[in-house]
Enquirer: 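The structure follows.
Letters A, B, ... are given to chains in the order of the sequence lines, protein chains preceding strands, and every chain is numbered from 1. Computed from a predicted structure; not experimentally measured.
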Amino acid sequence: MASLQPVRGTHDLLPDELRRHRKVIETARHVASLYGFDQVATPIFEFTDVFRRTLGDTSDVVTKEMYTFTDRGGEEVTLRPEATAGIARAFISGGLAQNLPLKFFTHGPMFRYERPQKGRLRQFHQIDVEILGVAEPQADIEVIAVGAQILDALGVRDKTMLELNTLGDAESRDAYRTVLVEYFSDHKDALSDDSKNRLTRNPLRILDSKDEGDRRIVADAPLFPDYLTQAATEFFADVTGGLDALGIAYTLNPKLVRGLDYYGHTAFEFTTDALGAQGAVIAGGRYDGLIGTMGGQPTPGIGWAGGIERLAMLIAEPAADARPIAVIPMGEAAQAVGLKLAADLRHAGHRTDMGYRGNLSKRMKRANKLNAHAAIIIGDDELAKGVATVRDFDDGEQSEVPLEDVVASLAQEG
RNA sequence: GCGGGUGUAGCUCAGUUGGUUAGAGCACCAGAUUGUGAUUCUGGGGGUCGUGGGUUCAAUUCCCAUCACUCGCCCCA
């Protein structure tokens, strides 16, 4: 039994759950297409270096969460922990710099070796949008707007809030990081163990610590806006101005820091308090340095990823699939007629189920369980008259319809 | 990776202060109804009480380990 369990943190997607996923994906794909995003798909694994180089050697994702293995050819490969690195790699290997700007939508499984929790799995799924080749803040605005509209279309906008911050340009960030490290180093003894660790790896994170002692120290820490360059300040003002013009509400959160090294300027998260510790449903930011770091022609980029499982937990139950028609042939002679009729119905666009086994009562029960809206019964009596008995499951009415008219009669009702 | 909680039928859960054959509802199967579903009635199948070890005359119950789930931390979608 134990060996028949799915691997920890992985999940089977059975019809009801997959229907929710599909709703998220289809909604996102549709809204993204309204904004001009084209769907792409990249491999779910890459050479390990693709992630190690782009995400940063100190990020948690790289240091402890990657599914890395050696393949039969001796290559070290990694199941993708996120989508952006793969898209950036595809951009470079495919020579797509000729076609800028590019707007991509993608979705699929991601893998991180983490301890599972609600809304947090080892294999999980994301929707993702990226804009490549636009350095202007209009891209930031558009990327946030498409996220907001997707949440709207999913009916979960009122369960989320948009948190926004700027990480500034490299110059701003380096300056701030330096004073921050100085400040926290002076208080190092009072910091929590986690934050001592963060001091070397990602000092900005200390600002967001949940430890009470840390918070007291953070309260008097230098503030980032004081270290933003004029250009970075203006850039961010353009972004917030655009969101204001679109009527997209946001909360400025100076403590919002992204964990991956490649982010700069705009950082944002759509968060919810409905999923316990996992608040972010969509999160992203600008990564102007990423493609250059990977060895491509320096190209600005911005995008976000949304957790499908997390969104799927927030949305209302999706509408059920179309109700089928049940074709029930009784007896050998009817079998062939039923088979042909079912085929005709399917070609006419009806979802159709064939009742193969058991007496009529049993087949009717199965049809009812499938939530069929009608049953078409064909037995010896019907064959002799060249008709089928069509029974409506909702009102219990039934009538005999000439075989050749069955498809048309159902089309009228539908 | 760290700390807490929980594992009894397919699902939701009772129960056993350690003692003969472990229960309910829902679901499933069959019959009432060999050509008519949902309702109803009757019957049935299904559990190594997560797994392994220990204590005991006796363990589903107590102890330890392990696995899974879950909540929080780290981090993140």
Enquirer: In the structure shown, which nucleotide is the Watson-Crick or G-U wobble counterpart of rG1(B), with both distances under 3.5 Å?
Expert: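 Pair assignment: rG1(B) / rC73(B).
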Enquirer: Parallel, tilted or perpendicular: which fits the ring planes of Y176(A) and F224(A), with parallel below 30° and perpendicular above 60°?
Expert: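 The rings of Y176(A) and F224(A) lie parallel, inter-plane angle below 30°.
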Enquirer: Between R120(A) and Y113(A), which has a closest nucleotide on RNA chain B that is more 5'?
Expert: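 On the 5' side of the pair lies Y113(A).
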Enquirer: Please answer whether the main-chain N or O of E269(A) pairs with a side-chain N or O of T271(A) as donor and acceptor at a distance below 3.5 Å.
Expert: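 Judged by distance alone, no pair lies under 3.5 Å.
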Enquirer: Tell me what E114(A) touches on the nucleic acid: a base, only sugar-phosphate, or nothing, going by heavy atoms under 4.0 Å.
Expert: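 Here E114(A) touches the bases of the nucleic acid.
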Enquirer: Is the phosphate of rC28(B) approached by K369(A) (side-chain N or O, under 4.0 Å from OP1 or OP2)?
Expert: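 Affirmative; the distance criterion is met.
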Enquirer: How about T272(A) and T160(A): does a side-chain donor come under 3.5 Å of a side-chain acceptor?
Expert: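 There is no such pair (donor and acceptor under 3.5 Å, judged by atom type) between the side chains of T272(A) and T160(A).
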Enquirer: Heavy-atom count around Q335(A) CD within 6.0 Å, excluding the residue itself: above 12?
Expert: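 Yes.
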Enquirer: Tabulate atom names and distances for all N/O pairs under 3.5 angstrom spanning the protein and nucleotides 41-44 of chain B.
Expert:
none

Enquirer: Quick one: does R363(A) reach the base of rG35(B) with a side-chain donor-acceptor pair under 3.5 Å?
Expert: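 When only heavy-atom distances are counted, R363(A) does not reach the base of rG35(B) through any donor-acceptor pair under 3.5 Å.
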Enquirer: Whole-Å distance between rU36(B) P and K362(A) NZ?
Expert: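 Rounding to the nearest Å, NZ of K362(A) and P of rU36(B) are 13 Å apart.
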Enquirer: OP1, OP2 of rG31(B) versus side-chain N and O of K365(A): anything below 4.0 Å?
Expert: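 Indeed not, no polar side-chain atom of K365(A) lies that close.
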Enquirer: So what's rA65(B) paired with, Watson-Crick or G-U wobble, going by both distances under 3.5 Å?
Expert: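 Checking every strand shown, rA65(B) finds its partner in rU51(B), with both distances under 3.5 Å.
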Enquirer: Using 30° and 60° as the class boundaries, would you call the ring planes of Y67(A) and F111(A) parallel, tilted or perpendicular?
Expert: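 The rings of Y67(A) and F111(A) stand perpendicular, inter-plane angle above 60°.
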Enquirer: OP1 or OP2 of rC69(B) versus the side-chain N and O atoms of R115(A): is any pair under 4.0 Å?
Expert: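 The answer is no; no side-chain N or O of R115(A) sits under 4.0 Å from OP1 or OP2.
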Enquirer: Verify the contact: side-chain N or O of S361(A) to OP1 or OP2 of rG37(B), cut-off strictly under 4.0 Å; return yes or no.
Expert: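 So the side-chain polar atoms of S361(A) do come within 4.0 Å of the phosphate oxygens OP1 or OP2 of rG37(B), strictly under.
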Enquirer: Using every non-hydrogen atom in the two residues, find where R89(A) and P43(A) come nearest and quote the distance to one decimal.
Expert: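 Looks like NH1-CD, 4.0 Å.
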Enquirer: Provide, to the nearest angstrom, the distance between the CE atom belonging to M364(A) and the P atom belonging to rU34(B).
Expert: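 For the pair M364(A) CE and rU34(B) P, the rounded distance is 15 Å.
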Enquirer: Please work out if G279(A) contacts a base, only the sugar-phosphate, or nothing of the nucleic acid, heavy-atom cut-off 4.0 Å.
Expert: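 Result for G279(A) = nothing.
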Enquirer: At less than 3.5 Å, do the side-chain atoms of R366(A) and the base atoms of rG37(B) form a donor-acceptor pair?
Expert: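 No such pair is found, so the answer is no.
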Enquirer: Let's test your reading of the model: under 3.5 Å, does the base of rG35(B) pair with the side chain of Q398(A) as donor and acceptor?
Expert: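 For Q398(A), whose side chain was compared with the base of rG35(B), there is no donor-acceptor pair (under 3.5 Å).
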Enquirer: With both distances under 3.5 angstrom, what nucleotide forms a Watson-Crick or G-U wobble pair with rG43(B)?
Expert: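 rG43(B) is paired, partner rC29(B).
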Enquirer: Please give, in whole Å, the distance from rG37(B) P to I376(A) CD1?
Expert: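 In whole Å, rG37(B) P lies 18 Å from I376(A) CD1.
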Enquirer: Just call it for D381(A): base, sugar-phosphate, or nothing, with non-hydrogen atoms closer than 4.0 Å on any strand.
Expert: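 The residue D381(A) makes base contact.
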Enquirer: For N359(A), answer base if it contacts any base atom (sugar-phosphate contacts may also be present), sugar-phosphate if it contacts only those atoms, and nothing otherwise; contact means non-hydrogen atoms under 4.0 Å.
Expert: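 Here N359(A) touches no strand at all.
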Enquirer: Looking across every strand, which nucleic acid part, if any, lies under 4.0 Å from G358(A) by heavy atom: base, sugar-phosphate, or nothing?
Expert: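 Answer is nothing: G358(A) stays at 4.0 Å or more from every strand.
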Enquirer: For residues G284(A) and Y263(A), report the shortest heavy-atom separation together with the two atoms involved.
Expert: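 What the structure gives for the nearest pair is C-CE2, 3.8 Å.
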Enquirer: Measure the acute angle between the ring planes of Y35(A) and F37(A), then classify it against the limits of 30° and 60° as parallel, tilted or perpendicular.
Expert: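 Because their plane-to-plane angle lies in the 30° to 60° range, the rings of Y35(A) and F37(A) count as tilted.
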